Amino acid sequence: MKAVDRLAELDERKRETQQGPDPRATERQHAKGKLTARERIALLLDEGSFTEVEPMRRHRATGFGLESKRPYTDGVVTGWGTVEGRTVFVYAHDFRIFGGALGEAHAQKIHKLMDMALSAGAPLVSLNDGAGARIQEGVTALAGYGGIFRRNTRASGVIPQISVMLGPCAGGAAYSPALTDFVFAVRGSSQMFITGPDVVETVTGEKVSLDGLGGADVHGATSGVAHFVHDDEESCLADVRYLLSVLPSNNRELPPAEHGDDPADRAGETLLELVPADGNRSYDVVAVIEELVDDGEYLEVHADWARNLVCALARIDGQTVGVVANQPAVLAGVLDINASEKGARFVQFCDAFNIPLVTLVDVPGFLPGVDQEHGGIIRRGAKLLYAYCNATVPRVSVVLRKAYGGAYIVMDSQSIGADLAYAWPTNEIAVMGAEGAANVIFRRQIAAAEDPDDARQRLVKEYKSELMHPYYAAERGLVEDVIDPRQTREVLARSLSMLRSKHADLPRRKHGNPPQ
């Protein structure tokens, strides 16, 4: 055979790998409002940057009709490209081929790509749209998942791992996304569950739909499995690109800087109006975050889950920061089980990837209640404490208003290692609120008074003036300074600039044993 004939054969095979085995399968995918694997990759990566790995790979399985069905790619497209010029590795299940189900060859392609990403020190993005393990290949398919899980764990904290749920993900397949740093989901097409609706009904008698059991909104607002939820694939993949743009490629690099036109010393005049001096009045801390970060742009993580704590990635003076803030508009900003776990995971991620932490504090305490205590608020609240204490990245905290009891300590107080702590003139840092404290300390005096209500009010004022005035913590060195709220952005920018070269050594150990 002549060389020109060989080239013609190669071209034909390449066309088949690109088009897939059946044009009707593409039509069915589009009819569901879903893109194909290659269309998704094209949206994620910079135009023309994708280099495919093993496009001609086929399975070698026999039996159950597989010997007559050996399509190229074996149902997964793997390779690398760039996002804003920086290398990113990606694999995408092709639902048109075996429903995206994972078999031996399919898994080996993913293993190879994951190993390449870890060696190259570049982020890994998985575009998930598959029916789980390929039943016809039996235990070899299950072993393929084990190899993925092991590599997810090895890469954890070394390279960013992002899972994008664009179709079904059932059974053991759901554990790989759960092991990654961030999970994106799309309404109407994403479903994740360990056991499907039929099994649930058989075992428990409960009837539930696919979306009701494991849809995007369920995992975005109820279970906390999904960090971001979108209405369509296009907006979802656009946010994946944005997330990658603020993250470093690996744990040995700093996040990329992007200096814009927003001056670091811009005064935040509206901050005086955003946060009421009255500690009992609510406000939206997101408005405060928007005022402090560059151009008001941020990417909120877990926006619909544990909403009493806000976690977001943004930039201050061009540098990526992780913002953790109590949200007084939801449950008065208290810490509870879900908020503690949400904050802990976010703090750990930022620390792993050299992202400085800015903590905005307005917390009345931990949520009281039998359900919280029985649910393990001690154990699970300690996760947030452990994460902050263990973090070595630059850490700056600002007490906006209330900071009471153990929750004040946990929210990156100076005593657990915050590099710099500041407070606004509206701050109230204390063991508890003045009314509660007065009722404990002056219980007998109040009871013995001719007018208990008058005595209580007088003693509350006395306690506030002695132990809760705005400068009490500053006088004892527990905060660096009491600052003008309007200068908060400038103070943060200067503080983070000074801390950029921070170096901290941890004791030598294999790993810690965080509370579970």
Side-chain angles (χ1 to χ4, degrees), residues 12-45 49-61 65-66 68-81 88-114 116-117 124-137 140-141 144-145 147-148 162-171 173-174 176-177 184-186 188-192 232-234 236-237 240:
E12 180 59 32
R13 288 176 183 260
K14 290 286 187 181
R15 275 194 295 272
E16 187 175 335
T17 65
Q18 294 287 324
Q19 295 171 359
D22 184 357
R24 290 172 298 179
T26 302
E27 293 174 6
R28 289 192 294 269
Q29 184 84 343
H30 287 163
K32 297 175 184 176
K34 297 164 65 176
L35 301 175
T36 65
R38 295 182 188 281
E39 289 169 341
R40 290 163 174 167
I41 290 172
L43 282 177
L44 173 67
L45 301 177
S49 69
F50 182 56
T51 298
E52 191 168 352
V53 174
E54 296 189 354
M56 296 185 193
R57 188 70 180 265
R58 289 170 155 175
H59 72 76
R60 296 177 296 179
L66 286 180
S68 62
K69 297 178 182 178
R70 298 182 63 231
Y72 290 121
T73 75
D74 200 48
V76 63
V77 180
T78 60
W80 77 87
V88 173
F89 287 79
V90 58
Y91 69 85
H93 298 133
D94 191 339
F95 196 82
R96 302 171 303 167
I97 298 175
F98 300 127
L102 180 139
E104 181 183 24
H106 183 122
Q108 288 173 350
K109 288 182 65 175
I110 295 174
H111 296 169
K112 182 174 184 175
L113 190 83
M114 296 178 80
M116 291 172 67
L124 174 70
V125 179
S126 64
L127 305 180
N128 298 273
D129 185 6
R134 195 175 297 170
I135 299 172
Q136 298 94 323
E137 296 195 33
T140 57
Y145 275 122
I148 293 173
I162 299 171
S163 297
V164 188
M165 314 311 296
L166 301 168
C169 187
S176 178
F184 287 75
V186 175
S189 59
S190 304
Q191 291 106 28
M192 297 174 67
D232 54 72
E233 296 189 16
E234 290 81 3
C236 177
L237 293 170
V240 175

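Quick caveat: nothing in here was measured; it's all calculated off a predicted structure.
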Are [X] and [Y] close enough that some pair of their side-chain heavy atoms sits under 4.5 Å apart?
{"X": "Met116", "Y": "Trp80", "answer": "yes"}
{"X": "Met165", "Y": "Val186", "answer": "no"}
{"X": "Ile162", "Y": "Ser126", "answer": "no"}
{"X": "Lys32", "Y": "Phe95", "answer": "yes"}
{"X": "Leu124", "Y": "Val90", "answer": "no"}
{"X": "Leu44", "Y": "Ile41", "answer": "no"}
{"X": "Pro177", "Y": "Met192", "answer": "yes"}
{"X": "Leu166", "Y": "Phe184", "answer": "no"}

Please report the shortest heavy-atom distance between [X] and [Y], naming the atom on each side.
{"X": "Ile110", "Y": "His93", "answer": "CD1-NE2, 4.2 Å"}
{"X": "Ala37", "Y": "Ala92", "answer": "CB-CB, 3.8 Å"}
{"X": "Tyr145", "Y": "Leu102", "answer": "OH-CB, 3.8 Å"}

- Message: Pair Glu233, Lys34 - check salt bridge (Lys or Arg N to Asp or Glu O under 4.0 Å), show working.
- Response: CA-CA 8 Å; Glu233 296 189 16; Lys34 297 164 65 176; over 6 Å; no
- Interatomic spacing from CE in Met114 to OG in Ser176 - rounded to 0.5 Å: 5.5 Å
- Give, for atom CG of Asp74 and atom CD of Glu54, the distance between the pair rounded to the nearest 0.5 Å. 10.5 Å
- Query: Does the side chain of Thr36 pick up a donor-acceptor pair with the side chain of Arg96 at under 3.5 Å?
  - Reply: no
- Item | Verdict with reasoning, Gln29 to Asp129, per side chain to side chain donor-acceptor pair (under 3.5 Å) | CA-CA 11 Å; Gln29 184 84 343; Asp129 185 6; 3.1 Å; yes
- Could you pull out all residues at least two apart from Thr78 that satisfy side chain to side chain contact (heavy atoms under 4.5 Å, CB included)? Val53, Val76, Tyr91, Lys109, Leu113
- Contacts of type side chain to side chain contact (heavy atoms under 4.5 Å, CB included), residue Leu43, not counting sequence neighbours: Leu35, Glu234, Leu237
